[in-house]
J.: 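Please find one structure pasted underneath; my questions will follow.
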Amino acid sequence: MDDLKIYVISDSIGETAQRMIQATLTQFPTIETIEIKKFSFIHDKESFVNILNLAKKNHAIIVTTIVDEEFNAFAREFCEREGVSYIDYMTSLIHVIQEHTGLDPLMERGAFRKLDEKYFKRIEAMEYSVKYDDGKNFTNLQEADAVIVGVSRTSKTPLSMYLANKGYKIANIPLVPESPIPEEVYRQKGLRVFGLTASPDYIANIRTERVKVLGLRQESNYNNLKRIKQELSYAEEVFQRLNATVINTEYKSIEESAFYIEKYLGK
């Protein structure tokens with residue numbers, strides 16, 4: 001037989017079955033004609049029966065990813081009676097896992113798709129946050145769930161990446177008096193801005209350790225206390241102009257600072 005028909009029936013999109021089928025078909029490269037039809041969001045009995053009869057008429061294999069036990073039982077009886085090839089990707093594995101763990105399944109339609117959507121949202125957020133890290137971009141900041149601003153060594157990037165991994169699009173902008181934020185940023189409406197700050201001594205200590213790690217001259221403008229106070233004074237002006245929610249990151253973990261931001265974003 002050099003042709004193959006497969007009908008995928010799902011109470012959601014049907015992507016679970018389609019992926020399995022595509023992976024399996026790579027083992028049969030000599031099949032000349034493959035026809036895969038996908039019937040998504042099948043929730044009523046009449047539509048289900050019509051597809052089963054169509055599969056019988058066209059000698060197609062039926063593959064289902066359906067949670068409803070009544071539908072699955074009906075499909076099994078129909079296919080056994082009518083001699084139709086049938087694969088149920090969900091029921092057997094659900095029962096095995098249920099017996100093994102003693103847990104009851106959700107029996108929720110489209111649960112895998114929801115998981116997929118959450119995954120892709122997280123990837124999209126991480127890509128966005130990398131693109132908008134450390135002031136690399138200032139356009140379309142309205143797409144960000146939050147904009148983080150602060151002077152160097154206030155944990156802007158680690159905090160941005162942590163939040164991105166949880167699905168938030170974050171832009172972070174360093175505050176340097178000699179390189180002021182473009183005026184266009186102040187003109188963008190609806191930004192949810194968080195200003196990160198800490199005491200001058202705290203930042204000076206962190207920067208001094210950073211200088212040591214990099215093997216640079218230990219006394220520099222970067223970790224000079226007077227200079228840091230100037231940066232923080234400039235940061236306060238920016239916070240006011242952007243109506244930023246200010247978070248003191250001194251001796252706070254990334255998780256703790258993220259908690260405060262998520263709390264505000266949830267309002």
Side-chain angles (χ1 to χ4, degrees), residues 10 12-20 22-23 40-41 65 106 108-176 179-198 203 206 210 231 235 238-267:
S10 177
S12 184
I13 292 178
E15 59 198 56
T16 306
Q18 191 163 14
R19 290 178 186 178
M20 289 293 294
Q22 289 170 343
S40 304
F41 301 107
T65 50
L106 293 173
E108 179 183 348
R109 293 169 177 166
F112 181 76
R113 177 169 59 89
K114 291 178 182 177
L115 181 64
D116 248 13
E117 288 174 354
K118 185 176 180 181
Y119 169 77
F120 286 116
K121 180 183 178 184
R122 191 168 73 248
I123 295 300
E124 184 181 356
M126 293 181 73
E127 289 176 347
Y128 180 93
S129 300
V130 168
K131 181 180 179 181
Y132 282 80
D133 180 43
D134 205 30
K136 292 175 185 173
N137 284 284
F138 295 104
T139 58
N140 299 321
L141 289 176
Q142 294 95 334
E143 295 179 12
D145 293 304
V147 178
I148 292 175
V149 295
V151 302
S152 174
R153 299 295 109 187
T154 50
S155 302
K156 294 185 302 300
T157 293
L159 184 55
S160 297
M161 293 304 115
Y162 179 86
L163 287 167
N165 194 49
K166 300 188 78 171
Y168 295 100
K169 292 181 179 179
I170 307 295
N172 85 71
I173 302 173
L175 299 182
V176 182
S179 300
I181 293 178
E183 284 298 316
E184 65 184 87
V185 174
Y186 298 107
R187 291 194 292 268
Q188 295 189 50
K189 304 297 182 182
L191 298 181
R192 288 189 280 189
V193 183
F194 297 87
L196 305 187
T197 191
I203 293 175
I206 292 179
R210 178 67 172 167
E231 290 181 32
V238 174
F239 295 163
Q240 289 181 358
R241 288 193 65 185
L242 290 173
N243 193 29
T245 299
V246 180
I247 298 175
N248 190 320
T249 61
E250 188 167 338
Y251 299 114
K252 282 190 176 72
S253 66
I254 296 300
E255 292 82 2
E256 189 174 357
S257 297
F259 171 80
Y260 287 114
I261 292 177
E262 288 188 272
K263 181 180 177 182
Y264 280 104
L265 291 179
K267 289 183 178 180

J.: Report yes or no: does N137 contribute a side-chain atom to a donor-acceptor pair with the main-chain N or O of T139 at less than 3.5 Å?
T.: no
J.: Go through the structure and list residues passing salt bridge (Lys or Arg N to Asp or Glu O under 4.0 Å) with E183, not counting sequence neighbours.
T.: R241
J.: For G135 and P174, work out which heavy atoms get closest and say how close.
T.: N-CD, 3.5 Å
J.: To the closest 0.5 Å, what do you measure between OG1 (T249) and CG (L196)?
T.: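 Between atom OG1 of T249 and atom CG of L196 there are 5.5 Å.
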J.: How would you list, by chain and number, every residue that makes a salt bridge (Lys or Arg N to Asp or Glu O under 4.0 Å) with E124, sequence neighbours excluded?
T.: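 Listed in chain order: K169.
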J.: How long is the straight-line distance from CD of Q188 back to CG of N140, given to the nearest 0.5 Å?
T.: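 Answer for the CG-CD pair, N140 versus Q188, is 7.0 Å.
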J.: Are side-chain heavy atoms of T245 and R192 found at a separation under 4.5 Å?
T.: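 They are not in side-chain contact.
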J.: Would the distance check show the side chain of S129 and the main-chain N or O of A164 forming a donor-acceptor pair, the cut-off being under 3.5 Å?
T.: no
J.: With rounding to the nearest 0.5 angstrom, report the NZ to CD1 distance, K166 to I261.
T.: 11.0 Å
J.: Roughly how far, to the nearest 0.5 Å, is the OG atom of S160 from the CD1 atom of I148?
T.: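 Going from the CD1 atom of I148 to the OG atom of S160 covers 4.0 Å.
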J.: Measuring from atom CG of L159 to atom CD1 of I170, what distance do you get when rounded to the nearest 0.5 angstrom?
T.: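 Interatomic distance, L159 CG to I170 CD1, rounded to 0.5 Å: 7.5 Å.
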J.: Considering residues at least two apart in sequence or located in another chain, which fulfil the side-chain contact (heavy atoms from CB on, under 4.5 Å) criterion with Q240?
T.: none
J.: Could you work out, with side-chain contact (heavy atoms from CB on, under 4.5 Å) as the rule, every residue matching L242, not counting sequence neighbours?
T.: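 With neighbours one apart ignored, the set is V149, I181, V185, Y186, V193, V238.
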J.: Can you name the side-chain contact (heavy atoms from CB on, under 4.5 Å) partners of S10, sequence neighbours left out?
T.: S12, T65
J.: For residues 131-163, pull every pair meeting ring pair (Phe, Tyr, Trp, His ring centres under 6.0 Å), keeping only residues two or more places apart or in separate chains.
T.: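 Ring pair (Phe, Tyr, Trp, His ring centres under 6.0 Å) check on residues 131-163 returns Y128-Y132.
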J.: Check side-chain contact (heavy atoms from CB on, under 4.5 Å) between E231 and all other residues, then give those that pass, not counting sequence neighbours.
T.: V151, P177, R207, R227
J.: Sequence neighbours excluded, which residues qualify as side chain to side chain donor-acceptor pair (under 3.5 Å) partners of S152?
T.: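 Per chain and number, S152 pairs via side chain to side chain donor-acceptor pair (under 3.5 Å) with Y222.
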J.: Could you go step by step and tell me if I247 and T197 meet the side-chain contact (heavy atoms from CB on, under 4.5 Å) rule?
T.: CA-CA 6 Å; I247 298 175; T197 191; over 6 Å; no
J.: Would you say S253's side chain and E256's backbone share a donor-acceptor pair under 3.5 angstrom?
T.: yes
J.: Using the test salt bridge (Lys or Arg N to Asp or Glu O under 4.0 Å), find all partners of K252 that sit at least two apart in sequence or belong to another chain.
T.: none
J.: Report the residues that fulfil side chain to side chain donor-acceptor pair (under 3.5 Å) with E127, sequence neighbours left out, ordered by chain and then residue number.
T.: none
J.: More than 12 foreign heavy atoms under 6.0 Å from NZ of K136: is that the case here?
T.: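 Atom NZ in K136 is packed in, count exceeds 12.
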J.: Please identify each residue that fulfils side chain to side chain donor-acceptor pair (under 3.5 Å) with D133, with sequence neighbours left out.
T.: T157, N172
J.: Taking all atoms of both residues into account, what is the closest heavy-atom pair of A146 and L265, and its distance?
T.: CB-CD2, 4.1 Å
J.: With sequence neighbours excluded, tell me which residues meet side chain to side chain donor-acceptor pair (under 3.5 Å) with Y168.
T.: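 Listed in chain order: E262.
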J.: Quick one: CG on N248 to OH on Y260, what's the gap to the nearest 0.5 Å?
T.: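 So the CG of N248 and the OH of Y260 are separated by 10.0 Å.
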